[in-house]
**Student:** 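A single structure is presented below for examination.
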Amino acid sequence: MVKTSNRNARASVQARNVFDASNTFGRMVGPLYVVYSYGEHWPLFVHDNGIWYENEDRYSVTTSKHRSQLHPLLETEPRSVTWLKNRIREVGNL
C-alpha cells in the first residue's frame, strides 16, 4: 500500500493502486476499485468493469477538493452515493 498526499494520489487512482492519503484512500473491494473521502460512507469514485462512476451528490468544501485532487481525468458516469454504495455492496462482496 502506498502512503501519499492527496495532491499526489491521482497517479494511484489512475493506476487503480491501493493507497492511503490525508482523509482519502483507495481500496479494492472484490473486483471494484473504490476511492473514498473520509470513510467508507462516502465513495467518490468507483471503477467497475472498465467504467469510472463518480459520486454526483453534494459534498463539503473539503470533499469537493478531494474530488478535484483524485479525479481519474477520464470520462465518468455520475451516480448517487446510494447507487455507488449499493453497487459496492452487491458486486464487491462476491
Side-chain angles (χ1 to χ4, degrees):
M1 177 179 330
V2 175
K3 180 70 174 165
T4 188
S5 67
N6 287 335
R7 188 176 356 169
N8 295 325
R10 184 188 319 264
S12 293
V13 173
Q14 291 172 323
R16 297 187 303 276
N17 290 331
V18 174
F19 74 92
D20 279 326
S22 180
N23 298 311
T24 64
F25 53 98
R27 296 290 186 269
M28 293 303 303
V29 182
L32 306 177
Y33 179 74
V34 185
V35 179
Y36 295 99
S37 176
Y38 288 110
E40 293 181 359
H41 68 283
W42 202 260
L44 285 177
F45 301 101
V46 175
H47 186 269
D48 179 7
N49 200 26
I51 300 170
W52 280 102
Y53 296 100
E54 179 177 355
N55 186 336
E56 68 181 359
D57 291 348
R58 294 182 65 187
Y59 317 108
S60 69
V61 171
T62 306
T63 300
S64 293
K65 185 174 181 179
H66 293 165
R67 183 197 160 278
S68 296
Q69 291 171 323
L70 302 175
H71 197 286
L73 299 181
L74 296 169
E75 184 176 336
T76 60
E77 297 286 332
R79 296 290 188 269
S80 70
V81 71
T82 301
W83 188 94
L84 293 173
K85 287 166 46 172
N86 286 339
R87 186 71 177 157
I88 293 164
R89 188 171 34 256
E90 291 167 6
V91 177
N93 294 320
L94 294 176

**Student:** List the atom of R27, the atom of V18, and the distance in Å for their closest heavy-atom pair.
**Tutor:** NH1-CG1, 3.8 Å
**Student:** Applying ring pair (Phe, Tyr, Trp, His ring centres under 6.0 Å), name anything that partners F25, two or more places apart in sequence or on another chain.
**Tutor:** Y36
**Student:** Within this structure, what is the OG-NZ distance for the pair S60 and K65, rounded to the nearest 0.5 Å?
**Tutor:** 11.5 Å
**Student:** Per the salt bridge (Lys or Arg N to Asp or Glu O under 4.0 Å) rule, what does the pair list look like for residues 48-57, sequence neighbours excluded?
**Tutor:** D48-R87, E54-R67
**Student:** Nearest 0.5 Å, please: how far is OG1 in T24 from CD in Q69?
**Tutor:** 7.5 Å
**Student:** With clusters defined by side-chain heavy atoms of hydrophobic residues (ILVMFWY) lying less than 4.5 Å apart, directly or transitively, does Y38 cluster with L84?
**Tutor:** no
**Student:** Nearest 0.5 Å, please: how far is CZ in R7 from OG in S68?
**Tutor:** 14.0 Å
**Student:** Are Y53 and V29 connected in a single hydrophobic cluster, I mean Ile/Leu/Val/Met/Phe/Trp/Tyr linked by side-chain heavy atoms less than 4.5 Å apart?
**Tutor:** yes
**Student:** Hydrophobic clusters here meaning ILVMFWY residues chained together by side-chain heavy-atom distances under 4.5 Å, can you tell me if W83 and L32 are in one?
**Tutor:** yes
**Student:** Which pair of heavy atoms, one from P43 and one from V34, lies closest together, and at what distance?
**Tutor:** CB-CG1, 4.0 Å
**Student:** Just how far is it from atom CH2 of W42 to atom NZ of K85, taken to the nearest 0.5 Å?
**Tutor:** 8.0 Å
**Student:** Please report the C-alpha distance between Q14 and H47 in whole Å, then the side-chain angles of each, then the deciding distance to 0.1 Å, and finally whether the side-chain contact (heavy atoms from CB on, under 4.5 Å) criterion is met.
**Tutor:** CA-CA 10 Å; Q14 291 172 323; H47 186 269; over 6 Å; no
**Student:** Check whether any side-chain heavy atom of V35 lies under 4.5 Å from a side-chain heavy atom of H66, and answer yes or no.
**Tutor:** no
**Student:** Kindly work out whether a path of hydrophobic side-chain contacts (I/L/V/M/F/W/Y, heavy atoms less than 4.5 Å apart) joins V81 to Y33.
**Tutor:** yes
